[in-house]
Student: 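Quick one: structure below, then a few questions.
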Amino acid sequence: MSRLTTLLFDVDGTLAETEEIHRQSFNAAFRQAELDWDWSQAMYRALLSVTGGKERILHYIEQHEPDFSVPGDLREYIAELHASKTEHYTSTVATGNMPLRSGVRRLIDEARKAGLRLGIATTTTPANVSVLLQKCLAPDAEGWFEIIAAGGVVANKKPAPDIYLYAMEKMGVSPNECLALEDSENGLISARQSGLATLVTVSQYTQGQDFSDALLVVDQFGEPDNPSTVFSGQMQAADYVTIDVLQQLLD
C-alpha cells in the first residue's frame, strides 16, 4: 500500500469552471484587435484539444484562417494577441465572482489539515493561476502550494507528461505517493504518462471525453449536502470526495 503524501491539481475546469471565461476573453481580444473571429462554444470545445492559448490561436489560424497574414512575425503577433486575452481574463476573474467548483475549498482545507503537500500542474498562464487563487480561494492561497508549475516552464504542454514530471521533480516526490486531480482527457493522459494515479472531475467542456484510464471519475468533488455522482470507479462508504477516498485510490 502506498501512502498518499501529495496532491497535484490541474486548474482550468478542475478548480473552477474557467473555460467559458477563457472563451469570452479570446473573443474580446479578437474584437480589440479588430478581427472578425468569434469562437462559439462548439468551436471552443473542439479547440480545447490543443493545449495552450498561443498554440490554440495558431491552430485556429492554420485550420480556419489559412489566408490570414500579418506584417512581421506571426508568432509575435499571436503572443501579443494572447497577452491581450490574458488581460481580459484576469480582469474578469479579479472581480471575485468566479465560484470554485463544488468541494474544491473543502478538499484543499482537509488536505492541508491532514499534512498533505499540494502542487499545481497546468498549461495555463501563471497570471491566470495567481488571480484565480487569490480572488477565488484566499488572498494567500498561492503560498499553500509548494510548486505552481504553469505556462511555458516546460517544452511540451499536456497531453505530454512534462508538466507533471517537472512538478514532481521540484517537490522531490515520486509518482507512487502522489495523486493527480484533472478534468480533461489531455490532462489525464499527461498525468498517466507521468505514472500518476488520477481522479477526474468532469467539467463543462470535457463531458463525453475518454476517461477510461482514471481511477475515479465524478461530476464534482462534492459536499455533505451536495454529493458527488460517480461515473466510473468506486468511492467506498462516501458520498463525496474526501482525503480517505483519495488514499483508497492508491491502496
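Please read all numbers here as calculations on a predicted model, not as lab measurements.
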Student: The test is side-chain contact (heavy atoms from CB on, under 4.5 Å); show your working for V11 and I120 and say whether it passes.
Tutor: CA-CA 7 Å; V11 174; I120 282 176; 3.6 Å; yes
Student: Taking ILVMFWY side chains as joined if any heavy atoms are under 4.5 angstrom apart, and letting links pass through other members, which residues group with V217?
Tutor: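 When side chains under 4.5 Å apart are linked, the cluster holding V217 also contains L188, V200, V202, F211, F231.
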Student: For D12 and T124, run side chain to side chain donor-acceptor pair (under 3.5 Å): C-alpha distance rounded to whole Å, both residues' side-chain angles, the deciding distance at 0.1 Å, then the answer.
Tutor: CA-CA 8 Å; D12 290 320; T124 200; 3.2 Å; yes
Student: Grouping I, L, V, M, F, W and Y whenever their side-chain heavy atoms are under 4.5 Å apart, do L107 and V218 come out in a common cluster?
Tutor: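 As far as the 4.5 Å side-chain criterion goes, V218 and L107 are connected within one cluster.
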Student: Which of parallel (below 30°), tilted (30 to 60°) and perpendicular (above 60°) describes F26 and H82?
Tutor: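 Aromatic pair F26/H82 classed tilted.
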Student: Is V153 reachable from Y164 through a run of hydrophobic residues whose side-chain heavy atoms are each under 4.5 Å from the next?
Tutor: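 Y164 clusters together with V153.
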Student: Between D10 and K158, is there a salt bridge with N-O shorter than 4.0 Å?
Tutor: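 Judged by the 4.0 Å cut-off on N to carboxylate O distance, K158 and D10 do form a salt bridge.
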Student: What distance do D67 atom CG and E65 atom CD have between them, rounded to the nearest 0.5 Å?
Tutor: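 With rounding to 0.5 Å, CG (D67) is 8.5 Å from CD (E65).
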Student: Evaluate side-chain contact (heavy atoms from CB on, under 4.5 Å) for S190 paired with E182, printing each intermediate quantity in order.
Tutor: CA-CA 10 Å; S190 174; E182 275 284 354; 5.5 Å; no
Student: Throw together a table of side-chain donor-acceptor distances under 3.5 angstrom for residues 232-242, partners on residues two or more places apart or in other chains.
Tutor:
residue : atom : partner : partner atom : Å
T242    : OG1  : D244    : N            : 3.4
T242    : OG1  : V245    : N            : 3.2

Student: Do P126 and I148 make a side-chain contact, defined as non-hydrogen atoms from C-beta onward lying under 4.5 Å apart?
Tutor: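 No, every pair of side-chain atoms sits at 4.5 Å or beyond.
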Student: Would you check if there is a donor-acceptor pair between the side chains of E185 and T206 at a distance under 3.5 Å?
Tutor: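 No, because no side-chain N or O of T206 sits under 3.5 Å from a partner of the opposite role on E185.
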Student: Mind checking salt bridge (Lys or Arg N to Asp or Glu O under 4.0 Å) for R105 and listing every partner two or more places apart, or none if nothing turns up?
Tutor: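 With sequence neighbours excluded, R105 shows a salt bridge (Lys or Arg N to Asp or Glu O under 4.0 Å) to D109, given in chain and number order.
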Student: With side-chain contact (heavy atoms from CB on, under 4.5 Å) as the test, would you mind laying out the steps for K135 and M98 before giving the verdict?
Tutor: CA-CA 8 Å; K135 299 297 183 179; M98 169 77 67; over 6 Å; no
Student: Transitively linked via ILVMFWY side-chain contacts under 4.5 Å: L118 with M168?
Tutor: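 Different hydrophobic clusters.
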Student: Report yes or no: does R117 contribute a side-chain atom to a donor-acceptor pair with the main-chain N or O of V173 at less than 3.5 Å?
Tutor: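 Such a contact is absent between R117 side chain and V173 backbone.
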Student: Do L165 and L8 belong to the same hydrophobic cluster, where Ile, Leu, Val, Met, Phe, Trp and Tyr are linked whenever their side-chain heavy atoms lie under 4.5 Å apart, directly or via other members?
Tutor: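 Looking at the clustering, L8 is in the same group as L165.
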Student: Does any donor atom in the side chain of S102 or N226 lie under 3.5 Å from an acceptor atom in the other side chain?
Tutor: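 A pair is found: one side chain offers a donor N or O, the other an acceptor, under 3.5 Å apart.
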Student: Membership question, hydrophobic clusters at under 4.5 Å side-chain separation (ILVMFWY): are Y89 and L48 in the same one?
Tutor: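 No, it is not one cluster - the side chains of L48 and Y89 are not joined through contacts under 4.5 Å.
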Student: Can you tell me how far CH2 of W37 sits from CD1 of I57, rounded to the nearest 0.5 angstrom?
Tutor: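 Going from CD1 on I57 over to CH2 on W37, the span is 7.5 Å.
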Student: Between Y60 and V50, is any pair of side-chain heavy atoms under 4.5 Å apart?
Tutor: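 The answer is no, as the side chains (C-beta and beyond) never meet within the 4.5 Å cut-off.
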Student: Quick check: does any side chain N or O of S49 sit under 3.5 Å from a backbone N or O of A46, one acting as donor and the other as acceptor?
Tutor: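 Between the backbone of A46 and the side chain of S49 there is a qualifying donor-acceptor contact (under 3.5 Å).
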Student: Can you find a side-chain donor-acceptor pair between N176 and S174 that sits under 3.5 Å?
Tutor: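 Yes, because at least one side-chain N or O of N176 sits under 3.5 Å from a partner of the opposite role on S174.
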Student: What's the verdict on side-chain contact (heavy atoms from CB on, under 4.5 Å) for F221 and V104, showing C-alpha distance, side-chain angles and the deciding distance?
Tutor: CA-CA 7 Å; F221 296 132; V104 167; 3.7 Å; yes
Student: Applying the side-chain hydrogen bond (donor to acceptor under 3.5 Å, both in side chains) test to Y205, which of R45, H22, E20 qualifies?
Tutor: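 Passing option: E20.
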Student: Charged N to carboxylate O below 4.0 Å: is that the case for R106 and E110?
Tutor: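 Salt bridge present between R106 and E110.
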Student: Can you tell me which residue among L15, L132, I108 is in a side chain to side chain contact (heavy atoms under 4.5 Å, CB included) with L137?
Tutor: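 Single pass found, and it is I108.
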